[in-house]
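Here's the structure, in structure tokens; my notes come after.
Residue numbering restarts at 1 for every chain, and letters A, B, ... go by the order of the sequence lines. Just so you know, these numbers come straight off a predicted model, no measurement behind them.
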Protein chains: 2
Amino acid sequence: MHLDQWEVAAIDLFLNAANSFGLPKSYGQIYGLLFCRDLPLAMDEVMELLNISKGSASQGLRALRQLGAISSVFAPGDRKERFVAEIRLRKLVGGFLREQADPHLDKGVARLKQIETLLVDLDDSDSCKRGNRRHEILSGWHRQMSRLLPWVKMIVGKSDRLPAKNKN
Amino acid sequence: MHLDQWEVAAIDLFLNAANSFGLPKSYGQIYGLLFCRDLPLAMDEVMELLNISKGSASQGLRALRQLGAISSVFAPGDRKERFVAEIRLRKLVGGFLREQADPHLDKGVARLKQIETLLVDLDDSDSCKRGNRRHEILSGWHRQMSRLLPWVKMIVGKSDRLPAKNKN
DNA sequence: TAATTTGTTCAAGTTTTTTTGAACAATCTG
DNA sequence: CAGATTGTTCAAAAAAACTTGAACAAATTA
């Protein structure tokens, strides 16, 4: 049981990618390993191949499934749960946006409301005016980000099924 | 010298936003403070208002300028450098993509090349075939992400200059 | 030139995040 | 049921990220 060199490199690629998306390294490693493999892997195989602990493997696999980045299959006549990577970029991006971006936008709405509240009972009219201008700007940003996300999902999915027209 | 309540709330909003973009909290606080203010602030004012150290202020201001999120002005007859926030979302997003996303895409190209290399001198033809399929998938993802970024810049900028049509 | 102002650097300290592994549940098997 | 297998939880350890502040450099002023 071992990893090929190119698999090590690919896993490292995903490790770094996870990091830059704000996810733990181990999530990237686990996804990367499953991405490389054709056959589903069980938790103990993931642990052994990556040299990570039971806890990391268990939590990582759960989080990745929650993100829609992996899914599990049960081999008939076997108690073990085995995992495979989702490789459609559209699904990966969609899951990430749903679990990470959308909640942030929601929190943003709440915070904007809070600022409104603080602005209402404020007698310093200069600060109030300034605050209202800022509130408008933030609302505009929020609106634009909300508009953007659907486009991202759309554009990324676009050529999943289109074969490349030419070879360069 | 003090912060209004709404400013505290706005600064906290940016603190959290910075966090979720993978930037240090203090960067968010500094940007948030400048975002709230009409007049440029000098480093010592930023330090005092946010209760952060010289080091954090210096590094934060530098990084934010590098990102294009703030710019500096010199009051005539004063040695101090003072800072103002960039509030055009298009510029903010553009700077972020330039400094964060683009480098990652470049690193991705390098890693893909490395994987190619490892695949070339590999005699296990099964692993080789599998590796080549994965390499193709990754190349496709890279292409799609490269396509996406220009759209993001475009869509986000769109209504910066359009005034809101109505008041709600 | 000495003293002051403004800002940078980076080693050390602090805080936060991630990982580990032992204890615990739940499910199957003989 | 006792023992084996599979997987979860979470407190403590380890690692990573962030912040601090004292020492330093550069530019200015008296």
Side-chain angles (χ1 to χ4, degrees), chain A residues 11-12 14-34 40-67 69-84 99-100 104, chain B residues 11-12 14-34 40-67 69-84 99-100 104:
Chain A
I11 288 166
D12 189 58
F14 281 105
L15 183 157
N16 280 103
N19 238 337
S20 55
F21 284 118
L23 300 173
K25 293 185 318 180
S26 62
Y27 293 14
Q29 292 179 288
I30 294 170
Y31 179 84
L33 172 58
L34 296 176
L41 293 181
M43 196 175 93
D44 55 353
E45 298 174 296
V46 170
M47 284 169 57
E48 194 192 324
L49 286 164
L50 297 175
N51 281 300
I52 63 177
S53 67
K54 233 180 172 190
S56 283
S58 174
Q59 293 179 187
L61 289 167
R62 178 147 45 100
L64 287 168
R65 182 163 46 192
Q66 167 72 11
L67 276 170
I70 67 178
S71 56
S72 61
V73 297
F74 282 92
D78 190 346
R79 278 211 273 150
K80 278 182 186 162
E81 189 174 11
R82 293 165 181 280
F83 300 88
V84 291
E99 297 294 319
Q100 312 281 318
H104 280 121
Chain B
I11 289 166
D12 190 59
F14 281 104
L15 182 157
N16 281 102
N19 240 337
S20 56
F21 283 117
L23 300 173
K25 294 185 316 177
S26 63
Y27 293 15
Q29 292 179 287
I30 295 170
Y31 179 83
L33 172 59
L34 297 176
L41 293 182
M43 195 175 94
D44 54 353
E45 297 173 299
V46 170
M47 283 170 58
E48 193 193 326
L49 286 165
L50 297 175
N51 280 301
I52 62 176
S53 69
K54 234 180 171 191
S56 283
S58 174
Q59 292 179 188
L61 289 167
R62 177 147 46 99
L64 287 169
R65 182 162 47 195
Q66 169 72 12
L67 277 169
I70 67 178
S71 56
S72 60
V73 298
F74 281 91
D78 190 346
R79 280 211 272 151
K80 278 182 185 161
E81 191 175 11
R82 293 166 181 279
F83 301 87
V84 291
E99 296 295 320
Q100 312 280 317
H104 280 122

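Listed nucleotides dT20(C), dT6(C), dT20(D) differ in distance to Ser53(A); the shortest reach to its side chain belongs to dT20(C). For Asp78(A), the side-chain atoms get nearest to dT6(D) when compared with the rest of dT8(D), dT6(D), dT9(D). For Glu81(A), taking side-chain heavy atoms from C-beta onward, the closest of the listed nucleotides dT9(D), dG7(D), dT6(C) is dG7(D).
Here dT20(C) presents its P atom at 9 Å from CE of Met47(A), a figure rounded to the nearest Å. Following rounding to the nearest Å, Leu61(A) (CG) and dT9(D) (C1') show an atom-to-atom distance of 15 Å. The CD atom of Glu48(B) sits 14 Å away from the P atom of dT6(C) (whole-angstrom rounding). Computed from coordinates, the Ile52(B) CD1 to dA17(D) P distance equals 20 Å when rounded to whole Å. What separates CZ of Phe74(B) from P of dT6(C) is a distance of 12 Å, to the nearest Å. For the pair Arg62(A) CZ and dT18(C) C1', the computed distance is 15 Å after rounding to whole Å. Between the C1' atom of dG7(C) and the CG atom of Leu64(B) lies a distance of 16 Å, rounded to the nearest Å. Between the P atom of dG7(C) and the CE atom of Met43(B) lies a distance of 6 Å, rounded to the nearest Å.
Looking only at side-chain heavy atoms (C-beta outward), Leu64(A) and Leu34(A) stay at 4.5 Å or farther from each other. Phe83(A) places none of its side-chain heavy atoms less than 4.5 Å from the side chain of Val46(A). Here the side chains of Met43(B) and Glu81(B) are not in contact, with every heavy-atom distance at 4.5 Å or above.
No donor-acceptor distance shorter than 3.5 angstrom exists from the side chain of Glu48(B) to the backbone of Glu45(B), with no hydrogens or angles considered.
Put simply, CD1 on Ile52(A) and NZ on Lys25(A) are 11.0 Å apart, with the number rounded to the nearest 0.5 Å. Here CZ of Phe14(B) is found 13.5 Å from CD1 of Ile30(B). Values are rounded to the nearest 0.5 Å. Interatomic distance, CG of Leu61(B) versus OH of Tyr27(B), reported as 10.0 Å (0.5 Å rounding).
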Reading 5' to 3' through nucleotides 22-30 of chain C, protein heavy-atom contacts under 4.0 Å coded B for base, S for sugar-phosphate only, - for none: -----BS--
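Mapping Asn19(A) and Arg65(A) onto DNA chain D by nearest heavy atom places Arg65(A) at the nucleotide closer to the 5' end.
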Audit row: Leu49(B), Ile11(B), side chain to side chain contact (heavy atoms under 4.5 Å, CB included) steps and yes/no: CA-CA 11 Å; Leu49(B) 286 165; Ile11(B) 289 166; over 6 Å; no
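Each of Arg65(B), Lys80(B), Arg82(B) was checked for a side chain to side chain donor-acceptor pair (under 3.5 Å) with Ser72(B), and the lone residue meeting it is Arg65(B).
Between the base of dC18(D) and the side chain of Gln59(B) there is no donor-acceptor pair shorter than 3.5 Å.
The phosphate of dT20(C) (OP1 or OP2) has a side-chain N or O of Ser56(A) nearer than 4.0 angstrom.
Residues from residues 22-32 of chain A with heavy atoms under 4.0 angstrom of DNA chain C, sorted by number: Pro24(A), Lys25(A), Ser26(A).
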